[in-house]
Q: 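Please find one structure pasted underneath; my questions will follow.
Naming convention: chains lettered A, B, ... in sequence-line order (proteins, then strands); numbering from 1 in each chain. The analysis underlying the following values was restricted to heavy atoms, covering all of them including side chains, and did not include hydrogens, waters or symmetry mates.
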Amino acid sequence: MYPKSFEYLRAKSVDQALQYLKENEGSRVIAGGQSLVPMLKSRLYQPTVLVDINFIPELREVKLESNGDLRIGAMVTHYDVIENSIIRENAPILSSTAENIADVQIRNRGTIGGSICEADPSADYLPTLMALDARVVLKTSESTREVKVEDFIQGPFETVVEDGEMLVEVMVPSNKSNYRVEKYARRKADFAIASVAAIVSLSKDGKVTDARVATGAQQDKPHRLREIETALKGKPSKSVDLESIIGPATEELEPLDDLHGGPEYRKYVLRGMLSRILGDLLSGKEAR
Amino acid sequence: MVTVNLKINGKQYSEETEPRMLLVHFIRDVLKLKGTHIGCDTGHCGACTILWDGKPVKSCQILAVQAEGANIMTVEGLEPEEGKLSIEQESFRENFAQQCGYCTPGFLMMTRYLIRNNEEMTREEIREKLHGNYCMCTGYQQIVDAVQDAQRKYFATKK
Amino acid sequence: MTSQKSSTESLVLQSEKGTKQNVGKRVPRIEDLRIVKGKAGYTDDLEMADQQYAAFLFSPYAHARIISIDVSKALELPGVSLVITGKEIKELTKPMSSRAATKSPTSHYILAVDKVRYMGEPVAAVVARNKYVAADAAELIEVEYEPLKVVASIEDALKKDAELIYPELGTNEMITDHFEFGDVKKAFSEADKIVKERIRIQRYASTPLETYVVNAYYDPTREELTVYASDQQPGRTVQSVERTIGIPSSRIHLIVPPVGGGFGYKLAIWQYVALVSLMSKLVGKPVKWVQTRTESLYAFHRPRGFMDAEFALRKDGKVLGMKLVDWQADANWPYVAALYSLIKFANMSGTYEIRNYSFEYHCIATNDPPIVQDRGVGKPFMAFALERMMDFSAQALGIDRVKIRQINSVPADKMPYTAGSGEVYESGNYPEAIRRALEHSQFKKKLEEQAKLRKEGRYVGIGIATAIEPGTSNLGYYFLSKAGDPDYNGAGQMATVEVAADGIVKVNMNGPEIGTGHVTTIAQVVADVFGISTEEVNVDAWYDSVHGHLTYAGTYSNAFNDVYLGAVMTAANQLKDKILNIASSLLRENKEDLYLSNNYICKLDDDQEKRLVGLKELAKISYGRLLSFPKGEEPGLKVTAGYINRTAKPFVRSDFNVQLTHSNSVHVCFVEVFPENWNIKILDYAIVHDAGNVINPGIVEGLAIGSTVSGIGGALYEEFVFDEQGTNLSLNFGEYLKPTAMEAPEIRVDQMESPAPNTVLGTKAVGEGGAITSLAAVAGAVEDALKPFNVKITGLPITPEKIWNMVKDTPEYKRIKKEGQ
Ligand SMILES: Cc1cc2nc3c(=O)[nH]c(=O)nc-3n(C[C@H](O)[C@H](O)[C@H](O)COP(=O)(O)OP(=O)(O)OC[C@H]3O[C@@H](n4cnc5c(N)ncnc54)[C@H](O)[C@@H]3O)c2cc1C
Ligand code: FES
Ligand code: FES
């Protein structure tokens, strides 16, 4: 478990990092390294050049825009996502999501940008970010583009990031509505067997004004369950028959199949979670 | 070869390393601080836990070159003075919190961090915070005892 | 302070006059002083001058012929000094031979020759200047394989046209045997009811946190091998290194620093000790190998298999007889073949008085990776099968599962009890242990709680299991499986005790310290012999072959409490006797009036302790002032003594014992199963544990808890999964799930003490009980929780997904799903 040799370039600014990426074919960004280092150890990845973006202070910033959008730097750690008061206040679901990730040590080092770029179908942030309609900002030395997280993820461990490109920021619209975010795994640090991020707003008279539901660890990539959202929106929360919605809305899913859970079981767990979580949200129970 | 400058247990080091060397190997094989252990290849077991600017991280999950300028503490830095055990060390010994002891340095570093950065923790909370550290021997119970004890002792020093 | 005066003749610690000073107390562990400072000094913490590093290339195939190996690129890499493959190994070494098996293959070497038989078998080895370059070199070795048909299961292995793992043996059924005790036929003909079940066990393993580490240097000037290794059974390793690579055992200096966990896994390190030693000899430099976690998960697990169990029952629950047929994938590499089966056999009737039974076993070669004597060896599965059968029998007869256990328990007044097979249970009170377990676990209250919660639609369950935990194997099973008189049997140990020239009491137990508190335990007992405090005894945690050792010396089979302590006590008492002799002639006092206390030779004067001479002074005389040294005594204060537990019976096939002490425990487990995902949570766990006299309650309780959590891992989480090509899919701790602090329950231990009459201090085994008893307690609890679904648990691990598959077509499931809507 000893990485193969590579060249190491320590970037001091975003521009320098982009320059390094451009100049070196076969280069790869190292962020928190919590997914990358094990891959280097097992030599599953053998990059020729590593560009370290840990020494770029601007990537660690969290800003609140006047329109209510949060701009979270790529290098903000899971720990910071939990602790940062701007995030906690404006996107509490994101802070709660970070609490579900790995363990204390890994959360101190792993970053939101790294987790998104890793694109693990069972990773915790992705369903939440999708539910929040978050976007990522990608940069090359020449250009900048913004992509919705939903479009950013292409498949298992596959994203739209191109050679020479880097994720610099995550744009998260503020959302303080009632939410639940949960993962089910055998042990806490394990990747999810099923995960759900759900946000539901109710009007004073109990009508569903907004509903966002996303799931992970099911298909080859996390995604929104729009059928459920549509079925809920505008309905009086008391009169919703969840079972008749959840069943059909999850029928077409083709969940993952591995040692941690077969497809049928994953679907079973997902349905149970959805039914309890949405039940709670529709009855207006606040998050613990 | 790249030169890494870092501080460990209050002492400044400046050593050459290949970029690919893991921080845990750097600590063990280059700096000869053998108290930090290796128990897995994948970041699961926590045997390699060190404090980095006061916060626990897994040193097998970091490259040595990334520790440029870092302020690190390993198990060797726990003793307040030669021959005197720290609160954490004392509690682990008094509570039989180790058998083979291979996991112990990792748990001690976690304890150093946890008891200082949390309100009084329940046993369940302690278990939750320690789940990134594996112990194959003790079944964890006496480790939880030790952490609780250490926190009690720590709070007593604050009074 | 009361002083201690003990008989020098007897091995037993306290005379009537004496008082216990250290034994029985919760003395903080001495070894922890180093551990908590990060200075324990494990094998990997040591380096030699000009240290080189080894790496191995492991087979990605479970079964394949090696067509060619090209090492040229690896050899060209700067920093690489050696690459070896099966070609060299075949010339330089002898094949491995089997220990327990009647037949031994002739084609299995310490490195694969011509063929690989499991995924993870070492195929080539390199030596380089550091670990990273060694890994680079291993990656550059090019091997061409021709895959062979994989024997992926017992069923596969027994097919008519099955591929043979060892063609030279002509069969995959390596060993099979049948034993019968009492009148089984009669028992079955008289039975009111017969219960039959196939019970399965998965592959799982103990995975100590420290992996294998070997550091070897062959010194060509002295023609001597010095090797450091994280080894549990160094006596055996010396012998195996001699046999495979041909260095005479008298020229092998093997040292075992403190070991980061053993659990049996490190009994198999000898293969790598041999390989690394050979590599050092070839390069002329010290060579170190540190196994990676991935490598450690390739092989050396418990075997998978199944047992067909049949019970003949009387209406009232009495077990009249049983038939057990055991099938075990002993994997390839038959050196531990049969051991698991035979150890099951020795513990077949558990804590019960069952007189008529038969046992048949089949050890089958497959392409599973090799197995090792993992914590408890065959006992956990045997206890699982037996206790599950007790539950099934109770269900079939419609009687209470506690009652059936009570009815069948060996009555206290029959102790010592000789089991049907001849195994002798030296002491214990099994009915009392059950009674105390019911009380300790608040069993009745739990039943009420369960009834209440079940009404609320919650699935909680209680499981109870009882089992014996044998200690000190006399390795008698070798007589059962090997022809003739095996060269390898008996239970014994050597130890050295000295008063050094500076007056300090030093002990070398000369066995590996694997984390089970040997240093402190020995310090406690020796401190009492010399009348000093525990901290004043300097116990060496290192095994070192130069001190002398018996062939099978090692830390395994729960032998510490018996033969290690026996050897230490023998040496300590001999030394004490010698000291008193010397003192008596120097001081012209009656030897009988003298005793040791607080580092002085004392005598009582008007009931007052009078210090006559210090140990330090006496040491000075004994080592240096030889002119004034008494005649008739040898100078120096050092004694090396050997000890054998002689209570084993001679071996006869129809009547013999294999283990010399028998602890016992009762576990009561309380669980809840959650229908949302069928996850299982242990709500409470209570243990009654009887391990004879307890020297240090802190240590013994820790071992009881730790071994139980390891068993819970096996019951709920751990399994090595292989695909049909024999590929191991569980090569990291994200796929092979160990319990963490969150999965481990709070465990309450109630300690009973039925002293063993046949060990020096009345102690018994303590290291394995939890791993043995917990499997059935957990399974019983989960099954009980799921009673409304009427499911039967016959295999492990019990995962939520498996439960879902068991329950999802039941009427209760349909009912709750309907209600949920
Ligand atoms: C034991 C263990 C348990 C874990 N459990 C969980 C869990 O429960 N839930 C969960 O969600 N995750 C879990 N993780 C993964 C963890 O969250 C990682 O931190 C995260 O996936 C990667 O973030 P990182 O900053 O460490 O990225 P790195 O490992 O540095 O990078 C990951 C990948 O993204 C690329 N990359 C990183 N940053 C950028 C960027 N800015 N632009 C372009 N490419 C980039 C890298 O090149 C690399 O390919 C676990 C990891 C471990 C080791
Ligand atoms: S060695 Fe670092 S987590 Fe296991
Ligand atoms: S004490 Fe051995 S791993 Fe924890």
Side-chain angles (χ1 to χ4, degrees), chain B residues 18 20-21 25 28-29 32-45 47 74-79 85-86 88-106 108 123-124 126-144, chain C residues 26 28-29 31-42 44-47 130-132 206-211 258-263 290 292-294 513-517 698-699 701-710 712 732-734 738-747 770:
Chain B
E18 266 191 282
R20 61 170 165 167
M21 182 175 274
H25 290 140
R28 287 182 56 81
D29 298 343
K32 311 288 180 198
L33 294 168
K34 304 289 189 180
T36 305
H37 297 150
I38 302 170
C40 73
D41 306 326
T42 47
H44 285 91
C45 79
T74 65
V75 66
E76 288 88 352
L78 281 176
E79 280 167 88
L85 295 185
S86 71
E88 299 82 11
Q89 291 170 317
E90 208 177 271
S91 302
F92 269 62
R93 179 157 188 252
E94 285 168 7
N95 289 280
F96 294 84
Q98 50 281 312
Q99 288 177 22
C100 80
Y102 212 71
C103 65
T104 311
L108 284 170
R123 292 182 71 82
E124 209 157 85
I126 293 170
R127 286 175 178 278
E128 202 270 332
K129 290 179 163 44
L130 289 179
H131 77 86
N133 292 69
Y134 289 14
C135 175
M136 309 299 185
C137 302
T138 63
Y140 303 101
Q141 191 154 313
Q142 286 149 312
I143 294 176
V144 179
Chain C
R26 223 180 127 90
R29 298 201 329 169
E31 44 275 67
D32 294 350
L33 286 170
R34 283 195 291 269
I35 288 174
V36 298
K37 291 179 190 165
K39 299 212 159 46
Y42 303 100
D44 188 26
D45 299 350
L46 307 160
E47 282 161 28
N130 69 38
K131 296 170 195 163
Y132 286 75
S206 284
T207 65
L209 198 54
E210 177 203 42
T211 53
V259 177
F263 314 115
V290 184
T292 67
R293 176 56 57 192
T294 312
E513 162 54 54
I514 61 174
T516 40
I699 293 173
E701 185 174 318
L703 289 167
I705 293 170
S707 63
T708 300
V709 171
S710 83
I712 290 171
N732 64 62
F733 287 144
K738 302 297 293 189
T740 75
M742 288 181 81
E743 286 72 47
E746 296 284 340
I747 295 174

Q: Examine whether an atom of C/Arg26 lies under 4.5 Å from a heavy atom of chain B, and if so say whether it belongs to the side chain, the backbone or both; otherwise answer neither.
A: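 C/Arg26 touches chain B through backbone and side-chain heavy atoms alike.
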Q: Given a strict heavy-atom distance threshold of 4.5 Å, which part of C/Glu513 is in contact with chain B: side chain, backbone, both, or neither?
A: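 Answer is neither: C/Glu513 stays 4.5 Å or more from chain B.
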Q: B/Arg127 versus C/Glu746: any side-chain heavy-atom pair under 4.5 Å?
A: yes
Q: Testing the basics here: between B/Val75 and C/Gly38, what is the closest heavy-atom pair and its distance to 0.1 Å?
A: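 What the structure gives for the nearest pair is CG1-CA, 3.8 Å.
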Q: Which word best sums up how the rings of C/Phe733 and B/Tyr134 line up, parallel for under 30°, tilted for 30 to 60°, or perpendicular for over 60°?
A: tilted
Q: Who among B/Gln98, B/Glu88, B/Glu124 has the most heavy-atom pairs with chain C under 4.5 Å?
A: B/Gln98
Q: As an exercise: rank B/Gly35, B/Pro105, B/Cys40 by heavy-atom pairs under 4.5 Å with chain C and give me the winner.
A: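 Most pairs with chain C among the choices: B/Cys40.
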Q: With a 4.5 angstrom heavy-atom cut-off, could you sort out which part of C/Leu703 is near chain B: side chain, backbone, both or neither?
A: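 Both parts, backbone and side chain.
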Q: Could you tell me whether the side chain of B/Gln89 reaches within less than 4.5 Å of the side chain of C/Asp32, counting heavy atoms only?
A: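 C/Asp32 does not reach B/Gln89 side chain to side chain.
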Q: Count the heavy-atom pairs under 4.5 Å between each of C/Leu33, C/Ile712, C/Leu209, C/Val709 and chain B, then report the option with the highest count.
A: C/Leu209
Q: Identify which of C/Gly261, C/Gly262, C/Gly702, C/Ser206 forms the greatest number of heavy-atom pairs closer than 4.5 Å to chain B.
A: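 Sorted descending by pairs with chain B, the first entry is C/Gly702.
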Q: If you round to the nearest 0.5 Å, how far is SG of B/Cys135 from NZ of C/Lys738?
A: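 One finds 10.5 Å between NZ of C/Lys738 and SG of B/Cys135.
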Q: Search all heavy atoms of B/Gly139 against all heavy atoms of C/Ala744 and return the closest pair with its distance.
A: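 Result for this residue pair: O-CB, 3.6 Å.
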Q: Below 4.5 Å from any heavy atom of chain B, which atoms of C/Ser710 appear? Answer side chain, backbone, both or neither.
A: neither
Q: Can you tell which part of C/Pro28 gets under 4.5 Å to a heavy atom of chain B, answering side chain, backbone, both or neither?
A: both
Q: Nearest heavy-atom pair of C/Tyr132 and B/His25: which atoms, and what distance?
A: OH-ND1, 2.7 Å
Q: Look at B/Leu130, B/Thr42, B/Ile143 and state which one has the largest set of heavy-atom pairs under 4.5 Å with chain C.
A: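 If we count pairs closer than 4.5 Å to chain C, B/Thr42 comes out on top.
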Q: Within this structure, what is the CD-CD1 distance for the pair B/Gln99 and C/Ile35, rounded to the nearest 0.5 Å?
A: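 Those atoms lie 9.5 Å apart.
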Q: Could you measure the distance from the NZ atom of C/Lys39 to the CD atom of B/Glu79? Nearest 0.5 Å is fine.
A: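 Those atoms lie 6.5 Å apart.
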Q: Tell me whether C/Lys37 is salt-bridged to B/Glu76, with the criterion being a basic N under 4.0 Å from an acidic carboxylate O.
A: no
Q: Counting only heavy atoms closer than 4.5 Å, note whether C/Ile514 contacts chain B via side chain, backbone, both or neither.
A: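 The answer is the backbone of C/Ile514.
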Q: Tell me, side chain or backbone of B/Tyr102 under 4.5 Å from chain C's heavy atoms, or both, or neither?
A: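 Both backbone and side chain.
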Q: Using non-hydrogen atoms and a 4.5 Å limit, figure out which bit of B/Leu85 sits close to chain C: side chain, backbone, both or neither.
A: side chain
Q: Tell me, side chain or backbone of B/Arg123 under 4.5 Å from chain C's heavy atoms, or both, or neither?
A: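 Just the side chain, heavy atoms under 4.5 Å.
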Q: Using a cut-off of under 4.5 Å for heavy-atom pairs, which of C/Glu701, C/Glu47, C/Glu743, C/Glu31 has the most such pairs with chain B?
A: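 Heavy-atom pairs under 4.5 Å are most numerous for C/Glu47.
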Q: Where on B/Thr138 is there a heavy atom nearer than 4.5 Å to chain C: the side chain, the backbone, both, or neither?
A: backbone
Q: Looking only at heavy atoms, which two atoms of B/Lys34 and C/Asp45 are closest? And how far apart?
A: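 Minimum heavy-atom separation between B/Lys34 and C/Asp45: CE-O, 3.5 Å.
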Q: Between C/Lys131 and B/Asp29, does any side-chain N to carboxylate O distance fall below 4.0 Å?
A: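 Between B/Asp29 and C/Lys131 there is a salt bridge, with a charged N closer than 4.0 Å to a carboxylate O.
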Q: Heavy-atom distance under 4.5 Å to chain C: side chain of B/Cys45, backbone, both or neither?
A: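 Looking at B/Cys45, just its side chain touches chain C.
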Q: At a heavy-atom separation under 4.5 Å, does C/Ala40 approach chain B through its side chain, its backbone, both, or neither?
A: neither
Q: Got a second to check how far B/Ile38's CD1 is from C/Asp44's CG, nearest 0.5 Å?
A: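 The CD1 atom of B/Ile38 sits 6.5 Å away from the CG atom of C/Asp44.
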Q: Can you see whether C/Tyr42 engages B/His37 through a side-chain donor-acceptor pair at a distance of less than 3.5 angstrom?
A: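 The answer is no; no qualifying pair exists.
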Q: Carefully, step by step, assess B/His44 and C/Asn732 under the rule side chain to side chain contact (heavy atoms under 4.5 Å, CB included).
A: CA-CA 9 Å; B/His44 285 91; C/Asn732 64 62; 4.3 Å; yes
Q: Relative to chain C, which segment of B/Lys129 carries a heavy atom at a distance below 4.5 Å: side chain, backbone, both, or neither?
A: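 Neither part.
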Q: Side chain from CB out, backbone as N, CA, C, O: work out which of these in C/Thr211 comes under 4.5 Å of a heavy atom of chain B, or both, or neither.
A: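 Looking at C/Thr211, nothing touches chain B.
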Q: Report yes if the side chains of B/Leu108 and C/Val36 come closer than 4.5 Å at any heavy-atom pair, otherwise no.
A: yes
